[in-house]
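Everything on this sheet refers to the single structure shown next.
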Amino acid sequence: MAHKLVIVESPAKARTIAGYLGNGYVVESSIGHIRDLPNNAADTPAKIKDKPWGRLAIDVDNDFTPYYVVPRDKKSHITKLKSLLKDADALYLATDEDREGEAIAWHLLEELKPKKDVPVHRMVFHEITKPAILAAVENPRHINQDLVEAQETRRLLDRLYGYEVSPVLWRKVMSGLSAGRVQSVATRLVVDREKERMAFRAASYWDLEGTFDAGSSHDQRMFPAKLHSIDGARVARGSDFGQDGQLKTAGVAHLDRRAAEALVDGLRDTSYVVRSVESKPYKRSPYAPFRTTTLQQEASRKLGMSASVTMSVAQRLYEAGHITYMRTDSTTLSDSAIGAARDQVRELYGAEYLPDKPRVYASKVKNAQEAHEAIRPAGSSFRTPAQTGLTGEQFRLYELIWMRTVASQMKDAVGNTVSVRIGGAASTGEDVLFSASGRTITFHGFLKAYVEGTDSDATAKDDAETRLPNLTQGDGVSAASLAAAGHETKPPARFTEATLIKELEDREIGRPSTYASIIGTILNRGYVYKKGTALVPAWIAFSVIRLLQEHFERLVDYEFTANMEDVLDDIAGGRKDKVTELREFYFGSDKLAGLLPLVTGLGDIDAKELATFPIGDPADGIALRVGKYGPYLEGPGDGTDPDGTPATKRANVPDDLPPDELNSAKARELLANPAGEEIDLGTHPDSGLQVVAKNGRFGPYVTEVLPEDAKKSAKPRTGSLFKSMSLDTVTLDDAIKLLSLPRVVGEDAEGVEITAQNGRYGPYLKKGTDSRSLTTEDQLLSITLDEALAIYAQPKLRGRAAAAAPLKELGPDPVSGQPIVVRSGRFGDYVTDGEYNATLRKDDTIEELTLERAAELLAERRAKGPAKKAAKKTTKKAAAKKAPAKKATAKKATAKKATAKKAAAKKTTTKAAAKKA
DNA sequence: CAGTGAGCGAGCTTCCGCTTGACTT
């Protein structure tokens, strides 16, 4: 029998809805997007690969036509949907009602291609309840093509931004880096905050804190109060100072320690009178039910969960049917959810905690798309945490969601805040005023169920109470104790995962499904790292953000996404056109500089300048440089180098030193004691010099330590460790051997000296300008003259081809007829027929490589022409220009790995050291 | 950031937003 096929986005949702719709309906899911622009070269079909726009998969010269593919892992799923559609007499596209959901519906239609006689309906709903689903199926609409266009504009703009700007970073900063509409602004927020911290100057200020006694007629006698004003001038507090440490408020009294202590002395015998008592009603309304960001924030504050842990725990709760969908920007509850929450309020807290009317929460999020409900316990009656049988993290997160949802339907908390002013006269003549404040809560309302956490210790929780004695104007009080208290203003706090996510949401950047992964991206790229819960920017992020701000200012503007959203809204409303907008963004217009001209006109970026950040007074000449091997300091050294230029000193910067702690003094300290971990191996028996082992640019090596006075005129002997050695185990004997290199092996018949030495490409023999590689490093120490002469007697071998045997032989190439073999090369394994070589792709393995596949690779390669000669002729200039850059990036890539390893090693050692301590 | 001599096959990195498993440790 024929059925109606309903396609939603999530499998868990499909299961629930299937239950509501019953027989006659088959409910399946798309599992998110089913088509996308190809992710990388491996996923890019051959037919567009060679197009100039192949890397983008967007034909920018032809109305920005996108080239979509079904990702490999979705192909079998599409086949399944197609076969379900074959037996269906109607298709309901029930993806989320937002921009992305509309696009998924359209892609499904494009890919499934239902037959003409199968009606296609677009079905939408905002809550997964039986009445809502039944109503939705009865009231379908059509796909909104303008909304689809808006999504496509968003998708293409993000691709153009990311895939055009990232390569600029590869060339100018470091290979493998990335830029994007969301991640670059997220990084900028962290970098800008650190800059604020670096520019921050603390201010110190003093006041008086005392405990006052209301007298024995009160049941509560003691209460704390702070100095408020002197002779009518308010005493300065933290908020009166600017980031530069200067007082920014006029007319306030700024006390220093001496003045504060003098005032304490002057008040020794003072008696006080209550000058005023001001009482105001206190009222606090419950917080809205959770959406993704608020859940992530509270799970972080109360449960210490990272954003990604929160999401994966929530995912499991959702799949098991405990909560509603966790990726939402809506705070709306369905009617049945409101009913369930109110039932629980009545049961657990009593009717007096229940407001007469249900509370309704309007969305606070500006670009909210409201495709789902708020995050709440699932069902039309809530289970208490104990009733769920959950344990561990799932229990705690469910409990949080449950409490928040129930509390959202409770009454306001009410009470009083009281502000008391107490006056007195000092023996030194000043009239002083102290202030005390209290808060009493007479009805806790929702606070009984749920109190929101705070991000800083400075903010009091909503349910915090401070009681004061029941004072009235004219009452006399005395000071039980009084002391001067010093304070310092603090720099703005670093972002945490949760506060950065909140900041991004406030600026309309990112979506519920991506907040957690944004953090992951900027961590993975090495732009930021975590120190406790704080996000600290790495120096490379400063370089990247500087480049983007100087050359792509508009793209890292905090308003960029919000402006884009406005344009997308206009496209969705049919008021603006996709191609016109993309053209302006990419090619530019009279008003706007386009992305393409910005990217192509970048020859003048000075990479060195970009990576240099002066530390302290620029006159000191100390700067932090972001090098290929990580950040380092450069400063003036002593005197001049042998070649007459002023000497410079360099020093590594510890990986875990936050930028705002690298001030002038710290920089000098590091430069004075360059932090290289040196291992003392002892004294060289011949030279009498100390021999140390350290890690250098080219890996571990040993060197002699020259006395200070010899440093300018001589360079110490050095030698790289053999691969068989390590810094941990290297001995003085090893070092002596290494330092003896290069070794003179002997002379040939003509009297030309042959030496054995270690070099960039490994161990080798050198005779004049004629060099020959050696196979092992040990030969450097052991090779005899006869053996060396035998090597020189052989003709020089070029390349590796002669040395290594093929890894696999596959038979003759169908085109050239030459045998195809697999070889291992500098860039990895490759197949060759003797004339053409083609590197194996990511997914190819030697074991599984067939002759057909090898022939295919060679055919692809051959299609590009005889690269060697032709390329050299036609693009000689370009090649010459490119070559050093390529070399540099290759070096960078390996260096990156090396530093990463180094950093990891360092971290473990510091950890171990800390443990020991 | 220690200091070195050749000649050889390139190809890939990257975006943001929707969704889950399938992997390994």
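Below, chain A is the first sequence line, B the second, and so on; all start at residue 1.
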In A/Asp96, A/Thr324, A/Ile128, the residue satisfying side-chain contact (heavy atoms from CB on, under 4.5 Å) with A/His372 is A/Asp96
Would A/Trp170 count as stacking on B/dT14 if stacking means ring centres less than 5.5 angstrom apart and planes tilted under 30 degrees?
no
Once you round it to whole Å, what is the distance between P of B/dA6 and OH of A/Tyr792?
11 Å
Answer with base, sugar-phosphate or nothing: what part of the nucleic acid does A/Gly180 contact at a heavy-atom distance below 4.0 Å?
sugar-phosphate
Measure from the side-chain heavy atoms of A/Ser773 and tell me the nearest of B/dA6, B/dT20, B/dG17.
B/dA6
Quick one: label A/Tyr163 by what it contacts on the DNA or RNA (base, sugar-phosphate, nothing), any heavy atom closer than 4.0 Å.
base
Can a side chain N or O of A/Arg181 be found less than 4.0 Å away from OP1 or OP2 on B/dG17?
yes
Please work out if A/Ser517 contacts a base, only the sugar-phosphate, or nothing of the nucleic acid, heavy-atom cut-off 4.0 Å.
nothing
What is the separation between atom NZ on A/Lys694 and atom C1' on B/dA2, rounded to the nearest whole Å?
8 Å
Between B/dA22 atom P and A/Arg72 atom CZ, what is the distance in whole Å?
18 Å
Between A/Val702 and A/Thr521, the residue closer to the 5' end of DNA chain B by nearest nucleotide is A/Val702
Can you identify which nucleotide, out of B/dG3, B/dG17, B/dT14, has its nearest atom closest to the A/Arg525 side chain?
B/dT14
Holding to salt bridge (Lys or Arg N to Asp or Glu O under 4.0 Å), I want the full list of residues that pass it with A/Lys74, two or more places apart in sequence or in another chain.
none
Please work out if A/Arg99 contacts a base, only the sugar-phosphate, or nothing of the nucleic acid, heavy-atom cut-off 4.0 Å.
nothing
Distance check needed: B/dG17 P versus A/His33 NE2, whole Å only.
10 Å
Distance-only donor-acceptor check, side chains A/Arg181 and A/Thr561, under 3.5 Å
yes
What does A/Tyr632 touch in the nucleic acid at a heavy-atom separation under 4.0 angstrom: a base, only the sugar-phosphate, or nothing?
nothing
Would you mind telling me which residue lines up with the more 5' stretch of DNA chain B, A/Lys49 or A/Leu160, judged by nearest nucleotide?
A/Lys49
Under 4.0 Å between a side-chain N/O of A/Gln151 and OP1 or OP2 of B/dG17, yes or no?
no
Does the side-chain ring of A/Tyr701 sit on the six-membered ring of the B/dA2 base, less than 5.5 Å centre to centre and under 30° in tilt?
yes
Proximity to the side chain of A/Glu319 - top-ranked nucleotide from B/dG17, B/dG21, B/dC15
B/dG21
Phosphate OP1/OP2 of B/dT19 contacted by A/Tyr325 side-chain N/O (<4.0 Å)
yes
Could you check whether A/Ser178 gets within reach of a base, just the sugar-phosphate, or nothing at all, counting any heavy atom under 4.0 Å?
sugar-phosphate
What is the nucleic acid contact for A/Thr703, judged by heavy atoms within less than 4.0 Å: base, sugar-phosphate only, or nothing?
nothing
Carboxylate-amine/guanidinium proximity below 4.0 Å for A/Arg511 and A/Glu100
no
hbond_proxy A/Arg154 side chain to B/dC16 base (donor-acceptor, 3.5 Å cutoff)
yes
Return the minimal non-hydrogen interatomic distance between A/Asp43 and A/Pro38, and the atom names on each side.
O-CB, 3.6 Å
Strictly below 4.0 Å: does A/Ser513 bring a side-chain N or O up to OP1 or OP2 of B/dC18?
yes
Rounded interatomic separation in angstrom, taking CD from A/Gln315 and C1' from B/dC18
12 Å
Assess the residue pair A/Trp106 and A/Thr95 against the criterion (side-chain contact (heavy atoms from CB on, under 4.5 Å)); give the C-alpha distance rounded to whole Å, side-chain angles, the decisive distance to 0.1 Å, and a yes or no.
CA-CA 10 Å; A/Trp106 176 76; A/Thr95 49; over 6 Å; no
Has the side chain of A/Arg159 got a donor or acceptor atom sitting under 3.5 Å from an opposite partner on the base of B/dC15?
yes
So, is A/Ser175 near the phosphate of B/dT13, with a side-chain N or O under 4.0 Å from OP1 or OP2?
no
Output yes when at least one side-chain N/O atom of A/Arg15 is less than 4.0 Å from OP1 or OP2 of B/dT20, else no.
no
NA contact type, A/Pro167, heavy-atom cut-off 4.0 Å: base, sugar-phosphate, or nothing?
base
Whole Å only: how far is the CG atom of A/Asn758 from the P atom of B/dA2?
17 Å
Helical stems, DNA chain B - three or more consecutive Watson-Crick or G-U wobble pairs below 3.5 Å
none
Rounded to the nearest Å, what distance is computed from the OH atom of residue A/Tyr318 to the P atom of nucleotide B/dT19?
8 Å
With a cut-off of less than 4.0 Å, is there a side-chain N or O of A/Thr95 near OP1 or OP2 of B/dC18?
no
Ignoring hydrogens and angles, does a donor from either the side chain of A/Asn39 or the base of B/dC15 sit under 3.5 Å from an acceptor on the other?
yes
Compute both the distance and the angle, then confirm whether A/Arg159 meets the cation-pi test with A/Tyr163: under 6.0 Å from the six-membered ring centre, within 45 degrees of the axis.
yes
Rounded to whole angstroms, how far apart are CZ on A/Arg316 and C1' on B/dT19?
17 Å
Heavy atoms only, 4.0 Å cut-off, all strands: where does A/Ala12 land among base, sugar-phosphate and nothing?
nothing
Ignoring hydrogens and angles, are the base of B/dC15 and the side chain of A/Arg155 linked by a donor-acceptor pair under 3.5 Å?
yes
Check the orientation of A/Tyr586 and A/Phe64. Use parallel for under 30°, tilted for 30 to 60°, and perpendicular for over 60°.
perpendicular
Spell out yes or no: do the side chain of A/Ser30 and the base of B/dT19 have one donor N/O and one acceptor N/O closer than 3.5 Å?
no
Considering only NZ, NE, NH1 and NH2 on the basic side and carboxylate oxygens on the acidic side, decide whether A/Lys75 and A/Glu111 come within less than 4.0 Å.
no
OP1 or OP2 of B/dT19 versus the side-chain N and O atoms of A/Arg327: is any pair under 4.0 Å?
yes
To check you understand the geometry: which heavy-atom pair defines the closest contact between A/Val182 and A/Gly510, and what is its length?
CG2-N, 4.1 Å
